[in-house]
Amino acid sequence: MPSLSTSLLLLGTAASTALAHSHLAHILVNGVLYNGFDPRPGIINYPNRVGWSSNNTDDGYVGPADYASPEIICHKSGAPPLAHAPVRAGDKVHVQWNGWPIGHVGPVLAYIAPCLNTADGCGSVAKTNLRWTKLDDSNPVLLPNEPGNNWGSPAGKWATDVMIAQNNSWQVEIPRGLKPGPYVLRHEIIALHFAKNKGGAQNYPVCMNLWVEPPAVGQPAPQPFTLDNFDATSFYKDTDKGILVDVSSSLSGYVVPGPTVAPQARAVPHNQQQMSLSRADGTPVVVVRSTATQKWTATAGAVKARRTAEPVVNGRYYRD
Ligand SMILES: *[C@@H]1O[C@H](CO)[C@@H](O)[C@H](O)[C@H]1NC(C)=O
Ligand SMILES: *[C@@H]1O[C@H](CO)[C@@H](O)[C@H](O)[C@H]1NC(C)=O
Ligand SMILES: [Cu+2]
């Protein structure tokens with residue numbers, strides 16, 4: 001009979017290899033769907049996707065060894081698509097992950113960065129030039145006295161448990177008063193099941209392009225939102241309290257790593273997180289002449305052809 005810690009270790013290893021890890025399935029903006037990116041081999045991704053591509057073909061993560069490298073910015077070999085999802089300041093972006101394994105406990109984080117001085121918005125932005133503002137740190141990341149699903153380890157409800165309960169999704173409010181223009185939204189989960197050892201944390205950063213439209217005519221102008229200037233390659237250190245942490249011990253709380261959330265940002269509280277189905281497919285935009293957009297059309301035919309092959313359930317396309 002193996003010791004308790006050996007069993008937990010075996011369970012951990014089995015769970016992390018048997019279950020796929022995860023990626024950005026899609027986002028919904030006011031119920032309208034824009035495609036994410038699936039890095040697994042053999043997948044043909046939608047050309048009109050707004051999710052950044054990456055070459056983590058194992059559907060896996062970026063570790064602390066890469067915290068100072070560009071890999072941490074938008075995942076391994078992250079590269080932007082041309083398409084952007086149109087949103088307005090104050091909208092909630094519903095970020096749908098492809099799944100999330102029970103026991104991969106940790107924080108769920110959101111950051112935004114404007115794409116400045118580019119001709120195509122974020123379409124070919126140099127990721128190392130992006131400067132970020134934290135919008136959400138999923139506080140309280142750990143409620144130690146609530147029942148959770150930490151592989152039977154100490155009780156405690158983690159932000160990832162909230163996310164799993166909502167079909168592996170999380171909503172991020174685009175700040176009111178955010179200046180119109182092209183932005184990268186970076187959503188990130190840090191899985192802490194192996195974080196007891198230095199180098200054991202697992203970061204899953206996923207990026208997507210947004211085009212923030214001017215406020216609707218007649219809307220009062222909100223207070224302008226002040227952006228921060230953080231560089232993703234200095235967000236985390238392998239010895240941060242929230243990175244090098246033993247989640248199998250009883251913790252009284254959790255110290256979120258990285259910059260603090262911008263004071264004007266309004267995170268969607270845990271009890272308002274909810275799953276959501278798409279009611280329509282969205283038409284993303286491409287940015288032309290730096291300030292104007294066009295509807296995405298280039299490959300509409302190819303996209304349509306592929307969709308007809310997918311099963312339709314109750315009039316909705318199911319992906320993944
Ligand atoms: C991803 O790209 C990097 C840099 O181009 C390369 O070193 C690495 O081997 C690639 N990984 C995979 C899984 O393709
Ligand atoms: C749950 O998420 C999957 C994608 O992983 C999506 O296809 C499905 O529509 C979602 N279901 C609900 C009820 O939100
Ligand atoms: Cu995993």
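Counting starts at 1 for both ligands and their atoms, following the listed order.
With hydrogens and angles disregarded, a donor-acceptor distance shorter than 3.5 Å links the side chain of His270 to the backbone of Ser138. In this structure, Arg88 contributes its side chain and Pro214 its backbone to a donor-acceptor pair below 3.5 Å.
Minimum-distance N/O/S atom of His104 relative to the Cu ion (ligand 3): NE2. Per residue His21, closest N, O or S atom to the Cu ion (ligand 3): atom name ND1.
Contact atoms of ligand 2 toward Trp97: 5 (O) (distance under 4.0 Å to a heavy atom of the residue). Listed by number with element, the atoms of ligand 2 under 4.0 angstrom from any heavy atom of Ser276 are 14 (O). Near Met275, the atoms of ligand 2 lying under 4.0 angstrom from a non-hydrogen atom of the residue are 13 (C), 14 (O). Less than 4.0 angstrom separates some heavy atom of Asn98 from each of these atoms of ligand 2: 5 (O).
With sequence neighbours left out, the salt bridge (charged side-chain N to carboxylate O under 4.0 Å, His left out) criterion links Asp238 to no other residue. With sequence neighbours left out, the ring pair (Phe, Tyr, Trp, His ring centres under 6.0 Å) criterion links Tyr254 to Trp158.
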**Asked** Could you go step by step and tell me if Phe230 and Tyr111 meet the ring-ring contact (aromatic ring centres under 6.0 Å, His included) rule?
**Response** CA-CA 10 Å; Phe230 296 107; Tyr111 298 84; 8.4 Å; no

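In the model, Trp132 has no side-chain atom that pairs as donor or acceptor with a side-chain atom of Asn229 under 3.5 Å.
Within the 4.5 Å cutoff, the side chain of Asp120 has no heavy atoms near those of the Val288 side chain.
Polar contact with ligand 2: absent for His26 (N/O pair, distance under 3.5 Å).
Sorted by chain and number, the residues within 4.0 Å of ligand 1 by heavy atom are Asn55, Thr57, Ser77.
Among the candidates Trp97, Tyr204, Trp100, the single residue satisfying the side-chain contact (heavy atoms from CB on, under 4.5 Å) test with His21 is Tyr204.
Because the distance cut-off is set at 2.8 Å, His193 fails to qualify as a neighbour of the Cu ion (ligand 3), as none of its N, O or S atoms comes that close.
A salt bridge does not link Asp228 to Lys134: none of the charged side-chain nitrogens sits closer than 4.0 Å to a carboxylate oxygen.
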Cut-off 3.5 Å, no hydrogens considered: what does the side-chain donor-acceptor table look like for residues 173-181, sequence neighbours left out?
from   : atom 1 : to     : atom 2 : distance (Å)
Glu173 : OE2    : Arg176 : NE     : 2.9
Glu173 : OE2    : Arg266 : NE     : 3.4

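At a heavy-atom distance under 4.0 Å, no atom of Ser169 approaches ligand 2.
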